[in-house]
Structures are given as C-alpha cells and as structure tokens.
Engineer: 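Following this message is one structure expressed as structure tokens.
Each ligand, and each atom within it, is numbered from 1 in the order the structure gives.
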Amino acid sequence: MRILSCWLWLGAAGALPAAAQPAPAAYPLLTNVPHRPAQSLDGPWRIIVDPMENGYYTYRRVPSDNGFFKNQKPRDKSELVEYDFDTSEQLRVPGDWNTQQEKLFFYEGTVWYKKSFTFHQTPGKRQFLYFGAANYEAKVYLNGAKLGEHTGGFTPFNFEVTTALREGDNFVVVKVDNTRHRTDVPTNNSDWWNFGGLTRSVQLVETPETFVRDAFVQLKKGSADELEGWVQVDGPARARPVTVALPEARWQATATPNADGYARFAGRVKRLDRWAPGHPRRYRVQVRSGPDVYQDSIGFRTIETRGHDILLNGQSIYLRGISIHEVAPMTGGRVTTPEEDRTLLRWAQELNCNYVRLAHYPHNEAMVREAERLGLLVWSEIPVYWTIDWENPAVYANARQQLADMITRDHNRGAVVLWSVANETPLSPPRLKFLSDLAAQVRALDPTRLVTGALEIHTSEAGVRTVDDPLGQYLDVIGINSYCGWYAGTPESCGDLRWQTTFDKPVVMSEFGGDALQGRHGPATERWTEEYQTAVFENNFRMLDQIPFLRGCSPWVLMDFHSARRPLPGIQDYYNRKGLLSERGVRKQAFYSLQAYYLRKKQQAGH
Ligand code: GCB
C-alpha cells in the first residue's frame with residue numbers, strides 16, 4: 001500500500017480532505033507527561049526524503065503564486081505512486097536524521113515520517129498524540145486526516161485524537177521540514193547544527209475524561225514556607241473540587257475551580273526542607289480532581305536578587321556553571337536517551353558546577369528533570385539568537401509561543417531559576433521592544449523565577465568594559481558573553497580589563513572560552529592548542545575575580561559540537577571546538593583548569 005498517497009486517498013474516500021477544512025490548532029499543552037500513562041510510538045519509523053516536496057505540492061493543476069498547488073488531493077490512484085512507505089527506509093525516533101544516515105548529514109528540507117500502530121480504546125479515556133519536539137515545522141496526519149501543524153524545533157505539542165483513533169490499526173504521518181528561513185526563531189544563521197526530524201519522543205498519552213492538565217506548585221516568591229499556585233482541570237467535570245497535597249510534609253490544600261477548570265490555591269507548609277545544589281530534596285506532589293491524580297516530584301526553593309546578589313533560599317550564591325548544547329556524547333547528534341543527559345550533567349558536576357546554562361533552546365524534558373534530581377540549577381533559554389526579524393509580528397508571536405511552551409513544560413522544576421529571553425542580540429529600538437515584551441511575558445507566566453538574557457558589551461574604552469545594554473533594565477540577572485583572548489585581545493590582556501555596570505543587578509558571565517582541538521599541543525601562544533585554550537581560561541579567571549558585581553559564570557562550552565559555520569580542515573571539520581571535552585568525551589586541559597577554579601570558589605563559599 002502506498003501510504004503517502006493513502007493519507008490523501010483516505011481523505012478523499014472517508015474523512016474530509018485536508019484542504020477542505022482548516023487544520024485545527026494543537027490542543028493546550030499537557031504537562032507532566034513523563035508521569036502519565038502512555039503508549040510509546042518511539043522506535044523505527046518509515047521515512048521518505050522529499051527535497052522537491054512533491055508529496056505535498058502538485059504542479060499539474062492551476063498554479064498558485066509559487067507555481068505549486070498545495071494540499072490538493074490526488075485525482076486518481078496513479079498520482080504519487082512513487083511515494084511508497086512500505087518499501088522505504090527507516091529512521092529511529094527520537095532522533096535527528098543528520099547523524100543517522102550519512103547522506104542526510106547536511107540535508108535541509110522535508111522528510112515524511114510514518115508509523116503504524118495498534119490501538120485499543122478504553123471506554124471513558126481520552127487520547128493525545130504528543131510530540132516532544134520536531135525540528136522545525138511539522139504537519140501531522142492521523143489515518144489520513146490532518147490533525148494540525150507546529151512550528152519551532154524545541155518545544156512539545158499535542159493533539160487530542162480520542163475520536164480520530166480507530167480500534168485496531170492506525171497510522172501517523174508527519175511532514176517534518178527543517179528548511180531555514182530569515183523569519184524563523186532561530187533565523188537562518190546560528191552556530192549549531194540544524195538537526196532535523198522527530199528529535200524527541202512521540203507518545204499516545206492517555207487521560208481520564210476529566211483530568212488535571214496542568215498545575216503550578218511552587219513556593220511563593222520570597223516565602224520560605226508558603227506554597228502558592230494554580231491547577232488547570234480539563235473535561236466535563238472540571239469544576240469539581242481539587243486537592244493539592246505533599247504527603248511527606250503532611251500538607252494539603254483544597255480549591256474549587258471556576259467554570260474553565262482553573263483554581264488557585266495557597267497555604268503554609270510546616271518544616272519544608274528546601275531544595276539546593278548539594279541537597280536536591282524533592283517532594284512527592286499529588287493534585288487530585290475526582291479519581292484523577294497528577295503526581296510529580298518537585299524541589300522547592302526560593303530565588304531572588306538583592307542588589308548585585310542572587311539569593312537562593314535567602315543566601316547569596318555564586319553560580320559555578322557551564323554552558324551545554326543538547327548534543328549526545330559519541331553520536332554528536334541530538335540527545336535521545338536520559339543516559340546521555342546524565343552523562344553531560346555528571347561532567348558538569350565533576351567540574352564542581354552548581355549550575356548549568358542549557359543553551360540556546362529548550363533542552364529535552366528529561367535533562368531538566370535530571371538536573372533537579374542531581375542538584376544543578378538551570379538557566380533555560382529560547383532560540384532568540386543573534387539577528388532576529390524584530391519588527392515582524394509573526395516572528396514575535398512565534399518567539400512568545402516558544403517561551404510560553406518552555407515555561408509551561410518546566411514551570412514546576414525547582415532546578416530552573418533563570419528564564420532567558422535571548423542570546424547576543426544587536427542593539428536597536430525594535431529589538432528592545434521585542435525582548436522587553438518577552439521579559440514581561442515571562443513575569444506574567446511565572447512570577448517566581450528570574451528573567452535573564454545573554455547580552456554583550458557595547459561600551460569599551462581604555463581597558464574598561466561597561467555593562468549598559470538598555471535591555472538590562474528589564475532583566476533580573478544580566479548575562480554577558482565576552483570572548484577575551486579569543487575574539488578580542490590576547491589571553492594575557494584579559495587580566496588587565498576592568499568592568500563596571502550601570503545596573504544595581506547581578507551579572508553572570510554567560511560565555512567565555514576559546515577553541516582547542518583535543519590532543520593538539522604546542523605553546524600557549526598558539527591558537528587551537530589545548531595550551532592556548534587553557535591560557536584563555538586562566539586569564540579569564542583573573543579577570544572574573546576582579547569584577548565586584550559578578551555572581552557566576554558559564555563558560556562556553558562543555559563539549560565540542562557540530563556547527564556548519566566551522567569548516568576549518570583538520571581542526572574544526574564542522575565542529576565548534578570550544579568544548580572542554582571532545583565530541584567523544586575526551587577531556588582537554590582546560591577541563592581540569594575550570595575544575596580547579598571552581599573547587600577554589602566552592603571552598604571560598606563554603607557550599
Ligand atoms: C557565542 C554564541 C555561541 C557560539 C560562540 C562561539 O557568543 O552565543 O552560540 O557558539 O559564541 O563559539 O563563537
């Protein structure tokens with residue numbers, strides 16, 4: 001059976017064809033998915049690589065603006081005969097296509113995915129087709145009918161499929177397209193690989209008819225013992241009372257949702273043991289609506305700023321961090337297993353880190369959960385990177401959606417303390433409007449955490465660097481990326497730089513570093529050697545130690561990672577080499593240099 005034509009054919013024969021009805025929007029995001037019953041659709045999927053997109057457009061009929069006719073059902077069975085899923089190749093899901101097949105390494109365009117599965121309906125249950133992420137644009141079809149579309153490569157989305165599923169055999173088809181555009185978020189230009197595909201797990205999540213779709217259970221800002229939050233119930237009985245409980249703390253609150261199923265709650269908990277790095281205490285949390293129980297494991301802590309200080313549970317903390325890309329050691333592709341997340345985070349812990357910057361996009365959910373379990377603070381970011389199309393309302397809507405989905409997915413993770421709205425964005429009034437609106441959006445969605453962004457230095461005179469980006473007034477913590485000794489000056493010159501700020505706010509050096517090919521040795525003055533990279537680090541430490549308002553750093557970067565902007569033969573070979581470890585996990589000298597520096601910092605701080 002030729003399934004690709006089949007989705008169109010089934011449309012023609014039974015359910016309405018895709019073109020005849022508008023694609024329904026994705027359903028509001030289900031949260032806490034790892035703790036819900038689900039049927040996994042991971043594993044091998046059939047795929048068709050479709051660079052001309054002829055599975056989607058046809059050129060035979062009345063041409064539209066671009067000469068193609070979109071979403072048109074085939075006229076007869078002879079159309080699309082070349083598209084045969086039954087004999088096609090397979091790719092693993094979750095996973096990027098680039099590192100699974102050599103011929104797809106540089107591929108950017110459309111790949112069709114198809115999975116057949118058996119499903120048995122349980123009366124009284126609802127089903128949601130949940131995608132952890134698909135880079136970058138996904139069009140989703142179930143049994144020949146279009147469910148909807150999603151844009152953005154790093155955030156989850158789901159569709160309710162309770163009535164679209166059939167008893168017995170079903171199939172899902174997804175058109176995934178990672179073509180880059182100037183108006184995307186990120187844009188067509190970034191310093192990481194454009195890994196395409198169904199990069200995170202796909203699941204059929206089951207819920208009761210009425211269920212707790214989302215809950216926000218956090219310590220009230222500034223309070224050591226008052227829990228405050230809300231519950232969102234979905235379904236016909238959504239107005240029945242809900243309870244929120246921490247059985248281990250013998251605490252419970254009750255609330256009655258409004259007609260939309262939304263309820264707020266608050267209450268003081270006696271003797272709450274707060275989460276912190278080195279003490280990653282998590283509590284079992286249960287939210288009940290009738291027979292449905294939403295269960296999660298949550299660490300509770302407070303996070304605030306006072307002047308130049310970052311206060312964790314009321315105490316000033318220095319963030320000993322490292323920036324991380326979500327790439328798997330050894331394969332160099334997207335992370336696909338919790339073990340890979342763990343490997344990256346354990347390396348961070350070996351460096352004596354208490355914090356990780358998960359750059360430059362929302363990492364997979366297991367990564368954030370693992371950080372909470374291990375006791376690492378998290379900076380989480382959306383891919384508003386470099387030169388975004390600031391004046392385009394659709395671009396803003398896209399960025400805002402990615403931000404909302406990142407926060408919705410992880411708003412109960414005690415580990416997350418910083419939401420970042422952007423990385424290295426050139427100054428302009430439209431950019432300031434765009435990013436300050438995003439910062440306001442963060443505060444509206446989550447008043448408990450801090451807002452940050454990775455900024456740059458724009459004023460540098462006579463060896464003095466001034467933190468004065470006007471975006472700073474909208475942030476709680478100011479991140480600065482600064483590459484002294486690599487993109488500017490020699491390593492030795494860094495120790496002489498002086499820093500000042502126009503803000504009474506904490507500053508974190510969100511990036512610094514330099515490239516080294518692991519195993520390449522030479523004098524400390526020779527670029528690309530491990531010695532040079534170590535000199536960059538050591539001299540930056542001298543600089544950092546003299547910045548009075550600095551409250552942490554997250555050098556660039558834990559591990560070498562693929563980047564199409566880095567072709568230098570024999571050295572980069574399409575890798576950014578600023579890793580402290582090679583892409584195969586071999587440590588460079590600078591790893592030990594940072595480890596020793598953080599050990600000193602840890603001993604000074606006493607925690
Ligand atoms: C930066 C970017 C990061 C790059 C890095 C570099 O400032 O934020 O994405 O990979 O510099 O290596 O140039």
Engineer: Look at the rings of Y532 and W486 and say which category their plane angle falls in: under 30° parallel, 30 to 60° tilted, over 60° perpendicular.
Structural biologist: perpendicular
Engineer: Which residues pass the disulfide (SG to SG under 2.5 Å) test with C484, not counting sequence neighbours?
Structural biologist: C494
Engineer: Using the side-chain contact (heavy atoms from CB on, under 4.5 Å) rule, pick out the option among T425, N189, T187, D191 that qualifies with Y385.
Structural biologist: D191
Engineer: Once the angle between the rings of F537 and F541 is folded into 0 to 90°, is it parallel (under 30°), tilted (30 to 60°) or perpendicular (over 60°)?
Structural biologist: perpendicular
Engineer: Quick one, list the residues around ligand 1 where some non-hydrogen atom comes in under 4.0 Å, by chain and residue number.
Structural biologist: D191, H360, Y385, N423, E424, N481, Y483, Y487, E511, W556, F561, R566, N576, K578
Engineer: With D410, which of D446, V368, D405 fulfils side-chain contact (heavy atoms from CB on, under 4.5 Å)?
Structural biologist: V368
Engineer: Side chains of Y597 and D545: any donor to acceptor distance under 3.5 Å?
Structural biologist: yes
